[in-house]
Amino acid sequence: MRVLSNGRIRRSAEEWRTVLFRFRASGQDPIAFCRAEKITLSSFRRWQRFAPTPNAGGDFVPVVRVASPPASEREVNDSSGTSAWSLEVRLPNGVQLQFRG
């Protein structure tokens, strides 16, 4: 942690990871935690948004294959008449990735 000439504190990415770890372990809401740690809520939210969400299984997120819907519900490629493919990935932090071809 470095104190700038204007009195503001500059933390490294590793220091922010430690802060976020302490927050998760604290059980406090973000406002109370930031007040106790003397951290601005806006900086905390910014780092929290980009921090990876911890999962119980370690660094990997399990991939689960879901059964295909019936043929009547699948998209059909107009040019060849064959069923199109799709892949949807839902990450623990709520991000969804959809691929279709």
Non-hydrogen side-chain atoms of F99 and S86 separated by less than 4.5 Å =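 With C-beta onward as the side chain, the pair stays apart.
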Is E15 paired with R17 through a side-chain N to carboxylate O contact shorter than 4.0 Å?
-> no
Check the pair I39, W16 against side chain to side chain contact (heavy atoms under 4.5 Å, CB included), reporting the backbone distance first and the verdict last.
-> CA-CA 11 Å; I39 298 172; W16 274 108; 3.5 Å; yes
Separation between CD of E88 and CD of Q98, rounded to the nearest 0.5 Å |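 So the gap between those two atoms works out to 4.5 Å.
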Distance from Q48 atom CD to L20 atom CG, nearest 0.5 Å?
->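 Q48 CD to L20 CG: 6.5 Å, rounded to 0.5 Å.
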Can you sort out the partners of A25 under side chain to side chain contact (heavy atoms under 4.5 Å, CB included), two or more places apart, ordered by chain and number?
->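 Testing A25 for side chain to side chain contact (heavy atoms under 4.5 Å, CB included), a comparison that skips the adjacent residues, returns none.
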Kindly write out the residues that satisfy side chain to side chain contact (heavy atoms under 4.5 Å, CB included) with A32, not counting sequence neighbours, or none if the list is empty.
->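 Testing A32 for side chain to side chain contact (heavy atoms under 4.5 Å, CB included), a comparison that skips the adjacent residues, returns Q28, D29.
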Is it the case that one hydrophobic cluster holds both L41 and F33, taking links as side-chain heavy atoms less than 4.5 Å apart, direct or via other members?
-> yes
If Ile, Leu, Val, Met, Phe, Trp and Tyr residues are connected whenever their side-chain heavy atoms lie under 4.5 Å apart, and connections chain through other members, are W47 and V95 in the same group?
-> no
Where at least one partner belongs to residues 33-43, residue pairs that pass side chain to side chain donor-acceptor pair (under 3.5 Å), sequence neighbours excluded | R22-E37, T40-S43, S43-R46
